[in-house]
Amino acid sequence: MRRKIVAGNWKMNKRFDEAEELISEIADIIDAQPLDEDIEMIICPPFLFLEMATDIASESEFHIGAQNVSEYDAGAYTGEVSAQMLNSIEVEYCIIGHSERRKYFAETDEVLATKINLALANEIEPIFCCGEVLSEREAKIHFDTVRTQIEKGLFHLSPEQFYNVVIAYEPIWAIGTGVVASPAQAQEMHAYIRGLIKEKYGAELAEDTTILYGGSCNADNATVLFSQPDVDGGLIGGASLKAKDFVQIARSF
Ligand code: 13P
């Protein structure tokens with residue numbers, strides 16, 4: 001179902017005590033003044049903090065996601081965290097295919113497709129990231145880049161499986177740079193992505209798909225981005241590390 005979602009990707013930040021404080025502060029703010037019912041807030045802290053986070057979330061109105069999941073189901077894979085494990089502590093979402101995972105951990109489209117399958121098989125909704133680097137946009141091949149990422153990462157899914165996927169368009173040149181995509185640039189790519197889904201799965205499923213924008217989205221620019229017809233919310237990095245800013249972004253629809 002198409003939803004309004006604001007998800008916070010904490011990346012590799014915070015110590016345990018700081019993480020607990022930040023999540024508790026977010027919970028306190030939205031408990032005192034709840035979000036509109038049709039808005040879903042998701043927090044994606046590092047693995048180590050997930051159980052603490054799901055405990056606090058169970059008493060509040062937000063949801064918890066992981067930032068990554070193993071491409072393997074179970075067994076002798078030292079250091080990995082499986083989708084089954086995430087499911088066993090009530091983690092509901094998982095970011096898959098973030099550009100930082102693609103770049104620094106050499107995650108290929110094929111690996112990402114496997115991760116998507118394992119997440120879905122374990123009742124975890126993937127937040128699948130796609131987006132181009134600046135040189136691709138300058139060369140006017142950014143639509144092709146995003147199309148390939150989506151086709152290879154997601155289009156093997158059945159319509160029933162695809163229904164449970166959230167997409168995040170994150171132009172890499174906008175991540176952590178303070179250079180946000182213009183509302184028109186975001187809308188143009190989101191509409192393109194929805195068009196791809198329509199071609200593959202039909203108009204109804206395309207309309208039902210939630211497509212988030214990510215990349216220097218903050219409390220000042222969220223309202224204008226979220227007012228675009230095909231932008232259904234945001235995947236927030238830096239600004240999700242400040243409780244008040246993050247909640248304000250969630251109130252920007
Ligand atoms: P920033 O909001 O810090 O640009 O990060 C975006 C992002 O990568 C979220 O996944």
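Along the sequence shown, residues carry numbers from 1.
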Note, [X] side chain near [Y] side chain (heavy atom, < 4.5 Å):
X	Y	value
I167	I197	yes
L235	I95	yes
M85	I89	no

Indicate whether the side chain of [X] and that of [Y] have a donor and an acceptor atom separated by less than 3.5 Å.
X	Y	result
S70	E80	yes
E170	H98	yes
H142	E136	no
Y169	E132	yes
Q84	N122	no

Less than 4.0 Å between a side-chain N and a carboxylate O, is that true for [Y] and [X]?
X	Y	value
D109	R102	yes
E20	R15	no
E107	K115	yes
R2	D208	no
D232	K4	no

Flag if over 12 foreign heavy atoms under 6.0 Å of [atom1], [X]:
X	atom1	answer
K14	NZ	yes
E123	CD	no
E110	CD	yes
E18	CD	yes
E90	CD	no
E51	CD	no

Verdict with supporting geometry, I96 and N68, side chain to side chain contact (heavy atoms under 4.5 Å, CB included): CA-CA 6 Å; I96 292 178; N68 182 28; over 6 Å; no
Pairwise distance CH2(W10) to CG(L241) - rounded to 0.5 angstrom: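 Those atoms lie 7.0 Å apart.
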Measure the CG-CG distance between D73 and N117 for me, rounded to the nearest 0.5 Å.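 Separation between the atoms: 11.0 Å.
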Given the side-chain rings of F155 and Y201, with only the six-membered ring counted for Trp, is the space between their centroids under 6.0 Å?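 Yes, the ring of F155 comes within the 6.0 Å limit of the ring of Y201, centre to centre.
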Criterion side chain to side chain contact (heavy atoms under 4.5 Å, CB included) on I249 and F226, from CA distance to verdict: CA-CA 10 Å; I249 294 169; F226 297 174; 3.8 Å; yes
Mind running side chain to side chain contact (heavy atoms under 4.5 Å, CB included) on V179 and W173 for me, showing each step along the way? CA-CA 7 Å; V179 182; W173 47 270; 4.2 Å; yes
The test is side chain to side chain contact (heavy atoms under 4.5 Å, CB included); show your working for L205 and Y163 and say whether it passes. CA-CA 7 Å; L205 196 39; Y163 185 78; 3.7 Å; yes
